[in-house]
Amino acid sequence: MLVHQDGSTQEWVLGQHGDVIVTMDDATNEHYSMFFVEAEGTPSSFRGVREVIEVHGLFSAF
């Protein structure tokens, strides 16, 4: 399993800017983790990785 992670800053809620962090399977685009944070960074990246490992186990590549 090749895991892809992306963060995108948008006005997801009217009048509020923030980032959504998505961690997904690169081949199937199945979303394994998705959450909102104030700003993308190392802690949010690690959170996404942790959530994937907890549910799906270790992946082959990131």
Are the side chain of Q5 and the backbone N or O of S45 linked by a donor-acceptor pair below 3.5 Å? yes
Cluster check V55, F59: I/L/V/M/F/W/Y, side chain < 4.5 angstrom: no
Is H31 reaching over with its side chain to a backbone N or O of N29, donor-acceptor style, under 3.5 angstrom? yes
Minimum heavy-atom distance between S33 and E51, given as atom pair plus value: OG-OE1, 2.6 Å
Under the salt bridge (Lys or Arg N to Asp or Glu O under 4.0 Å) rule, what pairs show up with a residue in residues 4-32, not counting sequence neighbours? none
Check which hydrophobic residues are tied to L2 through side-chain heavy-atom contacts below 4.5 Å, counting indirect links as well, and list them. none
I'd like to check T23 versus V49 (side-chain heavy atoms, cut-off strictly below 4.5 Å). Are they in contact? no
Note: R47 and F35 closest approach over all heavy atoms is NH1-CD1, 3.4 Å
Could you walk me through whether Y32 and M24 pass the side chain to side chain contact (heavy atoms under 4.5 Å, CB included) check? CA-CA 5 Å; Y32 294 143; M24 67 189 98; 5.6 Å; no
Between G7 and I21, which heavy-atom pair has the shortest distance, and what is it? CA-CD1, 3.9 Å
When rounded to the nearest 0.5 Å, the distance separating CD of Q16 from CZ of F36 is 10.5 Å
Could you go step by step and tell me if Q10 and V20 meet the side chain to side chain contact (heavy atoms under 4.5 Å, CB included) rule? CA-CA 8 Å; Q10 298 291 330; V20 64; over 6 Å; no
